**Student:** 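Below is a structure I'd like to ask you about.
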Amino acid sequence: MAFTIAIDGPAAAGKGTISKAVALHFGFAHLDTGLLYRAVGAKTLDGTDPIAAAQALVAEDLEAQDLRTPDVAQAASRVAVIGDVRAALVDFQRAFARRAGGAVLDGRDIGTVICPRAEAKLFVTASAEVRAERRYQELVGNGTQTSFETVLADVKERDTRDRDRAEAPMVAAKDATVIDTSALSIDDAISAAITAIEAARG
Ligand code: C5P
């Protein structure tokens, strides 16, 4: 049986952690759709045309090693404003969403554009400062040299680009449950997500 859980929200709000935990809890497959845009963005860093890169994308590209860097994140949000790039990635995401056994997809436009009829929708958010602090700790933990101010500016720049674009802007679907993780522990955020999804399952 297909059952789609759409989890949207801005960078470093906790979507990834919540999505993985929810997928494990329900025994569903998980797709981090940001990786699609990161894989396309990474290819453009060596001069490849973004639309051609998106049209030629294969599942193995999502396994590339360097997709988590700030440069690739910025490149991802730049290619993500291009309608033809987004269009090239729709079928893959929709096929994943309707696979037998259930699916969790996290991104920016899953509940609004990719899966408007998803059985459960969450919008996971947090203040820009809290998100930047989390991302900063993560980067420092990986040995990346950066400052909190740089990370905060990066988060805000990406938020603005994702929110203000004409194609599939980042916005909570009208029927999404909004979870603000600013003051929540990871466990409490996961519990809130599971409770909301259980309610949607009936
Ligand atoms: O989620 P993540 O931070 O990995 O996403 C990287 C970028 O990819 C986002 O800033 C956004 O511009 C883009 N993206 C998108 N739609 C999605 C997922 C990601 O536009 N469904």
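Since the structure is predicted, the reported quantities are computational estimates derived from the model, not experimental observations. First listed ligand is number 1; within each ligand, the first listed atom is number 1.
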**Student:** Apply side chain to side chain donor-acceptor pair (under 3.5 Å) to Ser182 and Asp180, showing your working.
**Tutor:** CA-CA 6 Å; Ser182 301; Asp180 188 325; 2.6 Å; yes
**Student:** Is the side chain of Arg86 donor-acceptor paired with the backbone N or O of Ala80 at a distance under 3.5 Å, no angle test?
**Tutor:**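 Confirmed, Arg86 side chain pairs with Ala80 backbone.
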**Student:** Where does ligand 1 get N/O contacts under 3.5 Å from the protein, atom by atom?
**Tutor:**
from, atom 1, to, atom 2, distance (Å)
ligand 1, 1 (O), Arg108, NH1, 2.9
ligand 1, 1 (O), Arg108, NH2, 3.4
ligand 1, 3 (O), Arg38, NH2, 3.1
ligand 1, 3 (O), Arg108, NH2, 3.2
ligand 1, 3 (O), Arg158, NH1, 3.0
ligand 1, 4 (O), Arg38, NE, 2.5
ligand 1, 4 (O), Arg38, NH2, 3.2
ligand 1, 10 (O), Arg108, NH2, 3.4
ligand 1, 10 (O), Arg158, NH1, 2.8
ligand 1, 10 (O), Asp162, OD2, 2.8
ligand 1, 12 (O), Asp162, OD1, 2.6
ligand 1, 12 (O), Asp162, OD2, 3.4
ligand 1, 16 (N), Arg86, NH2, 3.0
ligand 1, 20 (O), Arg86, NH1, 2.8
ligand 1, 20 (O), Arg86, NH2, 3.3
ligand 1, 20 (O), Arg165, NH1, 2.9
ligand 1, 20 (O), Arg165, NH2, 2.9
ligand 1, 21 (N), Thr33, OG1, 3.0
ligand 1, 21 (N), Arg108, N, 3.1
ligand 1, 21 (N), Asp109, OD1, 3.0

**Student:** Determine yes or no for a side-chain-to-main-chain donor-acceptor pair under 3.5 angstrom, with Glu119 supplying the side chain and Thr4 the backbone.
**Tutor:**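 Confirmed, Glu119 side chain pairs with Thr4 backbone.
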**Student:** Side-chain heavy atoms under 4.5 Å apart, restricted to Ile/Leu/Val/Met/Phe/Trp/Tyr: what other residues fall into the cluster of Phe3, or is it alone?
**Tutor:**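 Its cluster partners, ordered by chain and number, are Met1, Ile5, Ile7, Ile18, Val22, Phe26, Phe28, Val104, Leu122, Val124, Ile179, Leu184, Ile186, Ile190, Ile194, Ile197.
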**Student:** Between the side chain of Gln93 and the main-chain N/O of Leu89, is any donor-acceptor distance below 3.5 Å?
**Tutor:**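 Yes: the side chain of Gln93 pairs with the backbone of Leu89.
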**Student:** If only atom types and distance count, is the side chain of Arg94 paired as donor or acceptor with the main-chain N or O of Ala97 below 3.5 Å?
**Tutor:**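 Absent.
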